[in-house]
Amino acid sequence: MTTRFRAAALVAVVATTLAMSPAPASAAPAPISIVSVSAENVQPGDTVRVRFRVTNPGSATEAAIVVVGGGLRCKTGCRAEPSLAPGQSRNLEATVVAPAASPGETSGLNISVAVRLGGENHFAFKMVYVHGSGASSPRPPAEVARVSGRVRDADGKTISGAALTIRDSAGHKYRTTSGDNGQFSIRPTAAKPIAAGSITVVAALDGYRTARKTLTARAGDTANALLTLTAVPTPVKATPSPTPSRAVAEADEPETAAPETSAPTLQAVSNEGGPSPLFLLLGGLLIAVGLGALALVLIRRRHATS
């Protein structure tokens with residue numbers, strides 16, 4: 001009881017100091033941030049693991065004072081004093097336990113993490129819901145905080161516009177597209193949590209072979225996947241060659257020379273200076289036939305008179 005009172009008192013003191021001296025809103029990165037919690041919906045007595053990051057935004061090395069508290073009782077990692085160089089960050093972890101809740105009642109309680117750095121106080125918080133027995137709101141399964149990663153090609157260059165499909169162990173599917181730097185990120189929703197266990201990430205893009213990676217993540221974890229897409233070679237169109245059977249047939253077929261035909265010799269005939277030789281020949285034949293007939297008539301007459 002004394003330990004719980006001291007922790008609560010310390011949180012109250014830090015909270016009061018925060019109200020009196022708020023940190024500049026322009027501070028970046030944040031000196032304190034909650035990275036993940038193992039569950040946001042719990043029952044009385046459940047243990048919740050919370051991970052947070054402390055960053056020294058100052059220009060000198062300093063010891064930070066970190067206190068974890070809030071509506072859930074801190075069990076381990078409740079206080080830390082890491083020494084941080086300028087710009088250095090440190091990831092820390094604590095466990096808290098859900099308090100009792102009335103039957104049928106749901107309470108929203110904060111996990112708060114406070115840090116003092118450079119004379120300033122900063123804090124971060126995360127809401128967790130504690131469901132009493134018989135509460136109307138069912139207790140959802142433990143879920144993964146986020147699935148993120150990057151898509152690149154075989155040369156290590158980031159690829160934007162790749163279609164990504166994430167499937168968890170409960171069969172839930174999420175779809176997104178890689179950004180300009182090839183990165184992608186999926187967070188769970190109340191209607192569709194990312195269940196812990198096996199998570200498959202598939203990346204696809206026209207002109208590339210589909211890439212697939214399977215991860216294993218616990219509740220509250222951030223799962224990271226690096227996927228490499230390999231370009232599909234462009235086929236080269238070749239001019240079709242004659243089929244082997246046709247080529248062999250053409251090669252084996254003997255060459256047959258075309259028969260030589262003698263074209264008739266034509267002699268030029270000139271009609272200048274006299275009749276055509278053809279007419280002369282026909283005229284000679286007619287004269288010869290006429291003379292023969294005349295001679296035959298004369299012979300017959302001689303025989304008739306003698």
Side-chain angles (χ1 to χ4, degrees), residues 1-42 44-100 107-130 142-146 148 185 187 196 217-224:
M1 181 65 69
T2 303
T3 303
R4 291 182 58 184
F5 177 80
R6 289 178 178 175
L10 181 56
V11 172
V13 170
V14 172
T16 303
T17 309
L18 285 172
M20 295 175 61
S21 54
S26 59
I32 185 67
S33 61
I34 294 178
V35 177
S36 65
V37 295
S38 60
E40 295 182 19
N41 292 271
V42 296
D46 284 353
T47 297
V48 179
R49 185 175 67 255
V50 54
R51 294 178 177 176
F52 52 93
R53 180 179 295 115
V54 184
T55 303
N56 179 10
S59 57
T61 300
E62 188 174 350
I65 302 176
V66 184
V67 178
V68 179
L72 285 79
R73 179 175 59 86
C74 187
K75 185 177 180 181
T76 62
C78 306
R79 179 184 174 90
E81 296 185 13
S83 178
L84 302 174
Q88 183 182 6
S89 296
R90 180 79 61 83
N91 290 331
L92 301 171
E93 182 175 311
T95 58
V96 294
V97 179
S107 300
L109 303 173
N110 276 328
I111 299 175
S112 58
V113 183
V115 63
R116 183 171 181 81
L117 270 171
E120 299 287 346
N121 297 298
H122 313 269
F123 74 97
F125 64 90
K126 180 70 176 179
M127 180 73 73
V128 173
Y129 297 93
V130 182
E143 61 188 40
V144 175
R146 182 176 59 182
S148 60
S185 180
R187 290 184 178 274
R218 299 179 302 174
D221 286 349
T222 296
N224 290 285

Next on the checklist: If I compare all heavy atoms of Ala219 with all of Ala196, which pair ends up nearest, and what's the gap?
Outcome noted: N-CB, 3.6 Å
Checklist outcome for this item: For Leu72 and Pro99 the tightest heavy-atom approach is CG-CD, 4.2 Å
Next on the checklist: If you define the side chain from C-beta out and look only at heavy atoms, does anything of Glu40 sit under 4.5 Å from Lys126?
Outcome noted: yes
Item to check | Least distance between heavy atoms, Val130 atom then Ala98 atom | outcome: CG2-CB, 4.0 Å
Checklist entry - Any donor and acceptor pair, going by atom type alone, linking the side chain of Ser38 with main-chain N or O of Gly220 inside 3.5 Å? => result no
Next on the checklist: For Val68, run the side chain to side chain contact (heavy atoms under 4.5 Å, CB included) check against Leu92, Ile34, Val113, Thr76 and tell me which one passes.
Outcome noted: Val113
Checklist entry - Between the side chain of Asn56 and the main-chain N/O of Ala85, is any donor-acceptor distance below 3.5 Å? => result yes
Item to check | Rounded distance [0.5 Å steps], OG1 in Thr95 versus CZ in Arg73 | outcome: 9.0 Å
Item to check | Trace of the side-chain hydrogen bond (donor to acceptor under 3.5 Å, both in side chains) decision for Thr55 with Ser89 | outcome: CA-CA 4 Å; Thr55 303; Ser89 296; 2.7 Å; yes
Checklist entry - Should Val66 and Pro82 count as side-chain neighbours, where that means a heavy-atom distance under 4.5 Å? => result yes
Checklist entry - If we only count heavy atoms from C-beta on, is the Phe52 to Val115 side-chain gap below 4.5 Å? => result no
Next on the checklist: Salt bridge check, Arg51 against Asp221: does any charged N sit closer than 4.0 Å to a carboxylate O?
Outcome noted: yes
Checklist entry - Can you tell me how far CG of Leu84 sits from CG of Leu117, rounded to the nearest 0.5 angstrom? => result 6.5 Å
Item to check | Euclidean distance, Ser36 OG relative to Arg218 CZ, rounded to 0.5 Å | outcome: 9.5 Å
Item to check | Side-chain touch Arg90/Arg53, heavy atoms, less than 4.5 angstrom | outcome: no
Under 3.5 Å, which donor-acceptor pairs do the side chains of residues 57-65 form with other protein atoms, sequence neighbours left out?
{"from": "Glu62", "atom 1": "OE1", "to": "Gly118", "atom 2": "N", "distance (Å)": "2.9"}
{"from": "Glu62", "atom 1": "OE2", "to": "Gly118", "atom 2": "N", "distance (Å)": "2.4"}

Checklist entry - Which atom pair, heavy atoms only, marks the closest approach of Leu109 to Gly71? => result CD1-O, 3.6 Å
Checklist outcome for this item: Rounded to the nearest 0.5 Å, the CZ atom of Phe125 sits from the CD1 atom of Ile111 at a distance of 12.0 Å
Item to check | Interatomic spacing from CE in Met127 to OG in Ser107 - rounded to 0.5 Å | outcome: 10.5 Å
Checklist entry - Looking only at heavy atoms, which two atoms of Asn224 and Ser148 are closest? And how far apart? => result OD1-OG, 2.8 Å
Checklist entry - Stepwise, does the side-chain contact (heavy atoms from CB on, under 4.5 Å) test hold for Val48 with Val42? => result CA-CA 8 Å; Val48 179; Val42 296; 3.7 Å; yes
